[in-house]
Every structure is written in C-alpha cells, then in structure tokens.
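A short worksheet on the structure shown next.
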Amino acid sequence: MAYKDAYSALMKGVEELDCRGPAVPSDLVLIGDHAFPLAMNPRGKVLMAASRYGQGRVVVLGHEGFLTTFPAVVENALTWLKPSADAQVGIHSACGAVAHNLCYTNIRAEVGGFHSGLGVYVTDAYSVGPTAKELVAFLKKGGGLLVAGQAWNWAMDHPKENTLLGFPGNKVCSVAGIYFSKHPGELGVFPVPRQIPSSWLAVSKDEDFKDDLEFLLEGVSAFDIQGDAVPSEVLVHGPLAFPIATTNDGRAFIAGSYYGQGRVIVTTHESYLGLQALAPFLINAVRWLDEGRNGRVGILPQLNGAHALLSQSGLTCEKTGFKQGLSVYVCTSYSDAHAADIQEFVAEGGGLLIGGHAWYWSYSHKCHAAVADYPGNHILNKMGFSILEDTLNAGLYQARQSCSEAYHFRKMLQNFVGHVTCGQKLAEHEQACLKRLGADCAKYLRMRAHDCPSYNSILSVLTDMVKKAGVPQVCARCPVKDSKDHLLLHVGTEVYKASPNPDDLLSYIIKDRPTLPTVPNARVRINGNTEGSKDWKSTGLYLSPGMKTHMRVPSQIVGKGWEVQIGCQTDYIGNAAELKRAPVVHKRFPVESEMIQVSNLWGGLIYLVAPPSCHVGELEITVEEAVRAPYYKSGETSVADWVGGVRDAPAPWAEMEFENIIMTVPSEVVRHIDQPDEVAEVWDSIMRSVAELAAIPAKFPRKERFVADVQISAGFMHAGYPVMMHSTSAPDLMIPKLVAYNGGNIWGAIHELGHNQQRSAWEFPPHTTECTCNLWSVYMHETVLGVERAQAHWELKPSERQKRIMQFLQGGRKLDSWEVWMALETYMQLQEEFGWEPFKKVFAAYHHMKNVPNDKNGKMNLYAETFSRTVNRNLVPFFKSWGWPIEPELEKKLADLPEWNDHPMAKYKDL
C-alpha cells in the first residue's frame with residue numbers, strides 16, 4: 001500500500017531515535033484516512049507522523065529540535081515531500097539550521113519566508129499562523145510541508161484556549177489529520193520498526209471534551225426523543241470523536257467530532273434536526289459548529305423544521321444545497337453526492353450538522369454492511385463515526401455532562417487489550433461492556449478500509465491480541481460463558497475475515513482442524529429458476545474450515561444478484577449469554593465474475609443463492625476442490641447408491657432433499673438410514689397436507705428448509721427460511737417409524753411450518769401468533785399420521801381444554817387472555833362443528849382478497865364474516881362468546897344467515 005511504501009522511504013536508514021532530551025516533544029493525534037505514525041514511543045505516543053492532503057504531502061515532527069537532531073529523517077522527508085526532483089525547498093528563518101545540514105546532501109534550499117514557486121516548505125509550528133491559509137492551499141495543490149514543534153508549552157501559556165484549534169501548527173497540519181496535542185511525549189531511545197509502528201497503547205487518546213460538552217449542553221438537562229421516529233445507533237470510533245447523547249445503556253444517537261480545522265455533529269434521525277424538544281441543544285450545536293464566525297448556515301431545502309428552528313439561533317440561515325461560502329452546512333446522511341467536497345469543507349474549518357438513520361437502508365441492502373456502504377458513512381467514517389443499522393428505543397434520556405464514564409469504543413478497546421495481554425484489571429462498568437465491545441469491533445472491522453492507516457492500526461492491534469490471547473475452542477461440550485471469552489470468539493472470527501493474511505490466524509482460532517478427503521473439479525447441475533423469494537440451491541459439497549476454492553459459474557448469472565453461501569447455519573447468536581458456537585458461522589460472496597474464490601473460517605456446505613423471480617433454466621457450476629457431503633435427492637439418488645457410499649461421504653453435514661422440503665442435519669444422523677425413500681414418502685405426505693390446508697398448490701414454489709444447529713437464535717425451533725432447529729431434534733425427523741408412530745416428536749416441526757403459512761390478513765397478533773400455526777400440526781397429525789389431537793399434544797386433552805374454557809369464562813371473557821392454546825380452542829370448536837374444508841375455503845378466499853383492514857378489530861370482523869359466509873351460518877354469537885370485538889355493522893350484514901345458537905360456548909352463557 002502507498003503509505004507503507006512512504007513509511008519505508010521516510011525512515012530509510014534510521015535504526016533508532018535518541019529522544020532522551022532536552023527536547024520534549026508533543027504527542028501527535030492522528031485522524032482520518034491518510035495520517036500514519038513514523039515514530040512512536042513505548043507508551044504509544046506518536047512523536048513523528050506523515051500524511052497527505054489534496055495533491056500534497058506533509059511530515060510533522062513533535063519538536064522543532066528534531067529538525068537538527070535527526071538529519072537523516074529530515075533528508076528522507078524532504079526527498080519524499082518534493083513533488084518533482086528539481087522542486088525548490090524553502091526554509092523558514094527560524095529553522096535556518098536545517099539549511100546548514102543540507103549542505104552535505106544533494107538537496108538545495110533557500111532560507112526565507114514562504115512564497116510562490118516553492119515545491120517544499122520547512123517551518124516550525126509556531127510561525128505558521130499568518131500564512132496558514134496560504135500553506136493549506138499550497139499543500140492542497142501538491143506542495144510538500146515539513147512542520148516541527150510542540151504544543152504542550154503553548155497549552156500551559158494558554159490554559160483557556162482549545163489546543164486542537166488554537167495552536168498555530170494545528171491551523172495547517174490538522175487538515176491532513178495530524179494534530180499537536182497538549183500532552184508531552186515520553187523521552188528515551190526508541191528503535192525504528194521495519195513496519196509502521198502500532199501499539200494498543202496508541203488506540204485511545206487523552207481527550208476529555210469537557211469544554212465542548214459544557215458548551216453544547218448549556219441549558220440542556222435531557223434529550224427528549226420520544227415519538228414515532230426510530231433512531232439508529234452511531235458507532236463513535238475516531239480519536240477526536242465523542243458521544244453527546246446516549247441511551248441509558250450508553251449507546252449514542254448524537255455525537256460530535258473534530259475533523260481538520262472544523263467540527264461535526266451527527267444525529268441518527270433527520271427529524272431530530274428540527275425537533276422542538278431538542279431546540280436548546282440544536283442552537284448550541286450550530287453555534288459550536290460556527291466557532292464564533294457568525295457565518296451563513298446552509299440547510300438542505302427539504303429540512304423545513306431544521307430551518308425554522310435554527311433560524312432562532314441568530315445566525316443567517318438559508319435553504320440551499322451544499323455550496324462554498326457557508327460556515328455551517330446542515331443535511332441528511334442519505335446521499336454521498338458531495339462527500340469529498342463536504343469533507344474538504346470541514347477539514348478547512350467548516351461545520352457539519354448531519355442527520356439520518358441506516359436501519360431502513362439496510363432492509364434493501366441485506367448483503368452490505370452499513371458501516372462500509374451506507375451513503376452517509378462515506379462522509380462520516382473519516383470523521384470518526386459510523387451510523388449503524390442497529391436501532392435504539394425512542395425515549396427521554398438524561399444529558400451526560402462528562403465523557404469520563406461514557407462508553408467509548410477506542411478507550412474500551414485499549415483497556416481490554418491491556419487486560420488480556422498485560423493483565424490490567426478492568427473496572428466493573430467495563431466488564432459489563434465487553435459484549436458490546438465485541439459487537440463494535442466486528443462492525444468496525446467490516447469497513448474493510450485497508451487503505452486507511454488508522455483502520456489497519458486497529459486491525460493490527462486486534463490481530464496481535466488474538467495471537468497472544470487465543471480464541472476459546474467453543475462447542476456444545478465447552479460453551480463460552482465468560483464475557484471475555486465471548487468477546488475473543490466474536491473478534492477472532494471478524495479479524496480472520498478482515499485480515500489480509502487470514503491463513504496465519506487459523507491455528508490461533510481453530511486448534512483442531514480435521515483433514516478430509518477432497519474431490520477435484522466437481523461439476524454440479526442446479527435448477528436456476530425461482531419464484532418470488534430467494535432460494536438456496538444445494539450443491540452437495542462442503543468446504544473444511546479455512547479451506548479456499550474457486551468456483552466457475554455461468555456468465556448469465558454474473559452481476560444478476562446471485563450469491564455463493566458457505567455454511568447453512570445463518571442464525572446470529574451473538575446476543576446469547578452462553579455460546580456453543582461463534583456468533584456468525586456462514587459467509588456470502590456476490591457473484592460478480594465467472595470465477596470466484598470462496599472460503600469460510602468455520603467451513604460449511606456450499607450453496608448458490610438465487611435471487612427472486614429468476615428464470616435461467618439449468619446451470620452447471622464447477623468447484624475446483626471440495627469435500628463430498630451425504631446428499632440424497634428424491635428422484636435422482638437411488639437407494640442403492642445411497643447405501644453404497646453416498647451416505648458415507650466425509651463432510652460433517654448432510655442434506656436430504658425431498659419433494660417439498662430439504663433437511664440439513666449432522667451427517668451421523670443419516671449414515672444409518674437404509675431406506676431414505678421411506679423418509680421421503682412420509683415427508684412428502686406431510687408437506688402435501690401443509691399445502692392442502694393452506695389452499696396452495698401441492699408443489700411449493702420454493703422448497704421449505706430445516707437446518708439443524710448446535711445453537712439457534714430463539715426458542716426450541718423457529719420459523720423462517722430456513723426453519724432452524726437444535727441438532728438434538730434432528731434424529732426425530734429422520735426415522736420413518738418414529739415419525740409415523742410417535743407423531744408428538746414432530747409437533748414442533750409442523751408448528752414452524754405452520755408459522756411459514758401464516759398470513760397477516762387473518763392473523764391477529766399478539767393473540768394468534770403462536771396459535772393458528774398449530775392448525776397445521778393438528779391437521780397433519782390427524783390426516784397423515786392418524787394421530788388424534790388429544791394424543792398429538794397434551795394441551796389438547798379434553799381435561800386441559802375444559803380447564804382453559806372455564807379459566808376464560810371466570811376471567812370475564814377478556815380478549816387479553818385469548819391467545820395461544822386458549823385461542824386455538826376457538827378454532828378447534830369451529831373445526832369440530834364444520835370440519836377442515838371450511839378452513840381450506842377461508843384460506844383460499846384470503847388469497848384473492850383486496851383492501852384487507854390493517855387494524856386488529858377490522859381483521860377479526862372480516863374473518864368472522866368470511867367464515868360465516870363459507871359455512872352459511874351466522875357465527876356472530878359464537879365469536880362474541882369468545883370476546884371478539886364484533887361490530888354492529890357486521891351483525892346487520894349477517895342477519896340473513898341462520899344463527900349458530902347451539903355452539904359449544906352457548907351452555908356457558910350464564911357464566
């Protein structure tokens with residue numbers, strides 16, 4: 001990378017730096033995408049740094065004495081800074097000794113003031129004030145600057161001034177992301193590493209932003225963001241970025257930062273920019289951003305509320321897009337059209353107030369990380385923030401008057417690395433933040449900003465931590481419970497994904513990787529057609545952990561939304577207190593070329609993920625090297641082939657693909673199956689019964705999937721695509737006799753398939769969410785397995801049903817208690833009177849309905865009407881007996897039908 005080559009050139013021939021004094025340097029603070037350290041002491045203090053801005057380059061030394069103490073560094077710097085071999089070097093008179101040292105080199109320089117025609121200018125950090133604007137413009141156009149000085153003495157003489165903004169050298173160097181800080185660097189003799197120096201001690205900086213918060217929070221005691229607006233969380237990750245407003249658990253929804261000579265404030269919902277409840281803060285904010293210039297505030301035209309509110313600040317506000325000449329620009333984070341211009345505007349002293357959330361964007365960009373790809377983050381990442389897809393709860397939150405106890409990503413990371421590598425003790429409140437830190441590290445690493453020195457510094461620190469501390473070897477027998485191990489497991493996975501050399505990390509993350517036999521150039525044919533949803537296409541192949549392979553795909557699917565997925569377990573389990581596997585164990589790759597290299601740290605089955613409504617016919621894919629998996633497919637795999645070797649394929653995961661469903665289970669579950677066709681027959685019958693009740697075609701447009709996992713994100717099983725189940729449940733689904741004669745073992749599996757058939761039009765959450773799905777369990781047991789409902793589930797025994805009815809009646813027939821099994825009783829009474837056919841007809845009717853009400857009462861009345869018309873009976877008395885909110889209008893509409901007065905609840909009318 002360019003900055004690595006630059007470091008090599010700048011420190012060429014320098015073995016060590018003798019910084020024992022008397023010159024005491026400043027610690028330099030580095031931000032942005034281009035600044036990188038040249039010299040760092042053992043305490044992680046940066047003493048020399050380099051960067052670029054516009055077309056130019058800058059080298060900063062933490063003390064003017066370094067200009068003569070380290071002549072080799074100066075010579076290297078001037079050579080690197082020169083835009084051309086014959087560029088003229090100018091030296092400020094205060095640095096005249098540099099010219100004397102250059103007499104012994106090929107570099108010719110003149111001593112004097114700054115003027116046009118120079119290619120490089122050398123100056124101390126104290127003399128740049130009068131020419132700061134000219135020097136910034138010089139740098140921007142391609143000039144080279146060598147600036148040396150320290151700010152700690154200046155800060156002592158100016159105790160009430162902001163060093164980051166007021167110190168003369170910062171008026172120039174900050175535009176390139178290098179600041180002289182008020183903190184002195186430690187003295188000593190420091191070796192010069194061959195690679196750019198990094199240290200966990202340098203992750204966080206000693207900035208408290210107390211004065212900034214005092215200004216911003218004047219007259220502000222709380223942040224009232226109650227209402228319908230749902231904010232995102234903002235990850236505050238820059239050295240000069242700080243949280244301003246947070247939830248009670250410390251998650252930020254407003255944050256601020258210094259960037260170059262300017263300042264930034266981000267809110268994570270655009271409506272907050274004009275929210276009257278935040279008016280005192282917003283007026284403070286725009287004045288903090290204006291920095292006393294009393295300049296013009298440009299506000300994006302559609303932000304009417306912000307314009308009305310900020311006009312109360314006394315500053316001149318106008319509705320406008322981004323343009324030059326503004327003091328502060330107010331906009332949303334939904335566009336990156338002017339990203340570079342806005343960054344330059346702020347770097348050179350402007351103020352930016354920007355608002356917006358990323359959660360809605362993430363819905364339509366499922367394969368993209370908001371931290372890297374959300375438009376607003378193309379502006380904000382360099383400035384030290386990233387708006388996340390994670391949402392926060394609207395509420396009333398007290399204002400924090402100090403950052404000292406607030407969670408800050410860099411400070412927390414520094415403390416944790418010190419804890420695991422040096423035994424430093426964590427405070428109690430820090431222990432409570434470890435889980436969050438792991439998630440934040442994962443999100444930060446997804447920036448994949450390998451051309452950014454600060455990103456690579458964090459990646460390097462985390463890589464060293466993983467190598468020194470190791471990663472817990474998690475499994476069902478050795479679950480991870482400790483918050484420290486939880487973090488290491490999460491971070492180890494993400495560091496591997498982000499690392500430019502992931503193979504070097506494998507042995508630290510997975511200690512025991514089995515060697516499985518592979519097959520070369522495996523050809524797989526798949527049906528590339530899909531209907532209305534994404535569809536996983538099985539290949540019957542597997543990759544071992546960390547194993548890489550190339551896949552060749554047909555040209556007609558390149559760039560058309562197809563993906564390769566490695567791994568079948570797609571549940572995120574990072575929020576669980578106890579982990580039996582890593583939080584994320586699958587990986588997807590977009591199909592953007594005919595040849596794709598794929599791999600996954602945790603290995604996994606190989607799939608093609610087809611986009612919705614795709615019609616490309618049969619496709620052939622070639623996999624360069626992979627492991628065969630036990631894979632049975634109805635109509636293609638014969639019983640003889642299965643028993644003769646297919647079931648013994650070496651991969652640890654197997655798939656059984658039937659007419660309408662695919663089961664993904666541990667291979668040991670299927671290796672003993674001698675008659676896969678019998679298992680297929682049972683499941684084909686079950687799935688046809690699911691379709692019958694749902695009144696849909698017998699052939700599903702997309703086969704359902706069950707995937708077993710050692711741990712899932714919710715419940716005993718959960719619905720979706722795929723339906724997720726615990727690995728311990730897998731054998732129950734694979735033994736035909738057990739399925740046929742002990743149906744209770746698969747009640748839960750059909751319950752989840754029933755969830756997948758539920759439709760909003762006839763669902764009344766929260767009452768029926770866990771109820772109507774059980775209609776499929778009852779129907780399947782009775783029609784396919786021949787198991788009566790009372791035997792299918794103990795909750796359907798007559799005694800339990802009667803007990804619930806009495807409980808409902810004694811509770812006053814309140815709809816609040818009508819849910820799950822209580823609600824199912826209503827449907828069971830309907831079925832026992834009218835049979836299953838009306839249910840099928842009702843579901844069929846809903847397939848063609850339009851203008852279905854959105855409110856619960858409206859939907860319940862529509863259902864009562866639909867069922868009544870289907871059975872040609874007025875069911876109003878029945879539904880009212882169950883506490884349904886039947887409208888008088890419906891009673892009138894159904895008056896022409898004979899009433900069902902002898903319904904099962906009629907005998908309880910006096911209760």
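With His378 contributing its side chain and Ala372 its backbone, the two residues share a donor-acceptor pair below 3.5 Å. A donor-acceptor pair under 3.5 Å links the side-chain atoms of Arg57 to the main chain of Trp80, judged by distance alone. Checking side-chain atoms of Ser257 against main-chain N and O of Leu240 turns up a donor-acceptor pair under 3.5 Å. Of the possible polar contacts, none joining the Ser460 side chain to the Asn456 backbone as a donor-acceptor pair under 3.5 Å is found. Distance alone, capped at 3.5 Å, is enough to place a donor-acceptor pair between the His450 side chain and the Ala498 backbone. Remark: side-chain polar atoms of Asp27 are not paired, donor with acceptor, to backbone N or O of Lys45 under 3.5 angstrom. Gln150 places no side-chain N or O within donor-acceptor distance of the main-chain N or O of Gly62, the cut-off being under 3.5 Å. Put simply, the side chain of Arg287 gets close to the backbone of Ser313: a donor and an acceptor are under 3.5 Å apart. Of the possible donor and acceptor atoms, one in the side chain of Arg293 sits under 3.5 Å from a partner among the backbone N and O of Asp290. Side-chain N or O atoms of Arg43 include none that pairs as donor or acceptor with a backbone N or O of Glu186 at under 3.5 Å.
The one candidate from Leu462, Val417, Asn415, Leu413 that meets the side chain to side chain contact (heavy atoms under 4.5 Å, CB included) condition with Val203 is Leu413. For the side chain to side chain contact (heavy atoms under 4.5 Å, CB included) with Tyr258, the lone residue among Val29, Val346, Asn162 that qualifies is Asn162. Under the side chain to side chain donor-acceptor pair (under 3.5 Å) rule, Glu348 has a single partner from Gln343, Gln261, Lys140, which is Lys140.
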(request) Kindly indicate, with the supporting measurements, whether the criterion side chain to side chain donor-acceptor pair (under 3.5 Å) is fulfilled by Asn381 and Tyr455. (result) CA-CA 10 Å; Asn381 283 347; Tyr455 174 87; over 6 Å; no
(request) Take Glu110 and His115 through the side chain to side chain donor-acceptor pair (under 3.5 Å) test and state the conclusion after the steps. (result) CA-CA 11 Å; Glu110 64 176 43; His115 61 81; 2.5 Å; yes
(request) Could you check Lys205 against Ser181 for side chain to side chain contact (heavy atoms under 4.5 Å, CB included), going step by step and ending with a plain yes or no? (result) CA-CA 10 Å; Lys205 297 301 176 186; Ser181 83; over 6 Å; no
(request) Please lay out, stage by stage, how Ile244 and Ile265 fare under the test side chain to side chain contact (heavy atoms under 4.5 Å, CB included). (result) CA-CA 9 Å; Ile244 297 173; Ile265 288 179; 4.2 Å; yes
(message) Working note: Asp451 + Asp33, criterion side chain to side chain contact (heavy atoms under 4.5 Å, CB included); need CA distance, chi angles, decisive distance, verdict.
(response) CA-CA 8 Å; Asp451 56 348; Asp33 277 4; 5.6 Å; no
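Between Leu388 and Thr268, the closest side-chain pair of non-hydrogen atoms is not below 4.5 Å. The side-chain heavy atoms of Val371 and Tyr444, taken from C-beta on, include no pair separated by under 4.5 Å. Within the 4.5 Å cutoff, side-chain heavy atoms of Leu352 are placed close to those of Ile379. In this structure, the side chains of Met465 and Trp200 stay at 4.5 Å or more apart for every pair of heavy atoms. Within the 4.5 Å cutoff, no side-chain heavy atoms of Leu146 are placed close to those of Thr123. Put simply, the side chain of His183 reaches to within 4.5 Å of the side chain of Glu207, judged on heavy atoms. For the pair Phe409 and Cys441, the minimum side-chain heavy-atom distance is below 4.5 Å. For the pair Ile196 and Lys4, the minimum side-chain heavy-atom distance is below 4.5 Å.
Between His92 and Tyr121, the ring planes are perpendicular. Angles over 60° get that label, and only those under 30° would be called parallel.
Taking the six-membered ring for Trp and the full ring otherwise, Phe114 and Phe138 have centroids separated by under 6.0 Å. In summary, the aromatic rings of Tyr7 and Phe36 are positioned with their centroids too far apart to meet the 6.0 Å limit.
Annotation for Gln424: atom CD counts as buried by contact number, over 12 foreign heavy atoms lying within 6.0 Å. Heavy-atom neighbours of Glu214 CD from other residues, nucleotides or ligands within 6.0 Å: at or below the threshold of 12. For Lys182, the NZ atom is loosely surrounded, since the number of other residues' heavy atoms within 6.0 Å does not exceed 12. The local environment of CG in Asp157 is crowded, with over 12 non-hydrogen atoms from other residues, nucleotides or ligands closer than 6.0 Å. No more than 12 heavy atoms of other residues, nucleotides or ligands shown are found within 6.0 angstrom of NE2 on His100.
Residue Cys331 holds its SG atom at 4.5 Å from CD1 of Ile342, rounded to the nearest 0.5 Å. Considering CG of Leu459 and SG of Cys452, their distance stands at 11.0 Å, rounded to 0.5 Å. Expressed to the nearest 0.5 Å, how far CG of Leu217 lies from CH2 of Trp288 amounts to 11.0 Å. Separating the NE2 atom in His237 from the NE2 atom in His408 is a distance of 9.5 Å, to the nearest 0.5 Å. Note that CG of Leu216 and CG of Leu289 are 8.0 Å apart. Values are rounded to the nearest 0.5 Å. Distance check, rounded to the nearest 0.5 Å: NZ of Lys411 to SG of Cys433 gives 13.5 Å.
Arg436 has a carboxylate O that lies under 4.0 Å from a charged side-chain N of Glu233, or vice versa, which qualifies the two as a salt bridge. For Lys210 and Asp208, the salt-bridge test fails: no basic side-chain N is under 4.0 Å from an acidic carboxylate O.
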Table please: side-chain donor-acceptor pairs of residues 63-72 below 3.5 Å, with sequence neighbours left out.
| residue | atom | partner | partner atom | Å |
| --- | --- | --- | --- | --- |
| His63 | ND1 | Gly65 | N | 2.8 |
| Glu64 | OE1 | Tyr126 | OH | 2.6 |
| Glu64 | OE2 | Tyr126 | OH | 3.4 |
| Thr68 | OG1 | Gly65 | O | 3.2 |
| Thr69 | OG1 | Gly65 | O | 2.7 |

Let me check something: any side-chain donor-acceptor pairs from residues 164-180 under 3.5 Å, sequence neighbours excluded? List them with distances.
| residue | atom | partner | partner atom | Å |
| --- | --- | --- | --- | --- |
| Asn170 | OD1 | Phe180 | N | 2.7 |
| Asn170 | ND2 | Thr163 | O | 2.9 |
| Asn170 | ND2 | Phe180 | O | 3.1 |
| Lys171 | NZ | Leu165 | O | 3.4 |
| Ser174 | OG | Asn170 | O | 2.4 |
| Tyr179 | OH | Gly260 | N | 2.7 |
| Tyr179 | OH | Gly260 | O | 2.5 |

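With sequence neighbours excluded, the residues forming a side-chain contact (heavy atoms from CB on, under 4.5 Å) with Ala469 are Val420, Leu488, listed by chain and number. Every side-chain contact (heavy atoms from CB on, under 4.5 Å) that Ala347 has, sequence neighbours left out, goes to Tyr53, Tyr259. The side-chain contact (heavy atoms from CB on, under 4.5 Å) check on Ser333 picks up Ile354, Tyr374, Ile387, with sequence neighbours excluded. Phe281 pairs by the ring pair (Phe, Tyr, Trp, His ring centres under 6.0 Å) definition with Phe223, not counting sequence neighbours.
Considering every non-hydrogen atom in both Cys95 and Asp124, the closest pair reads SG-N, 3.4 Å.
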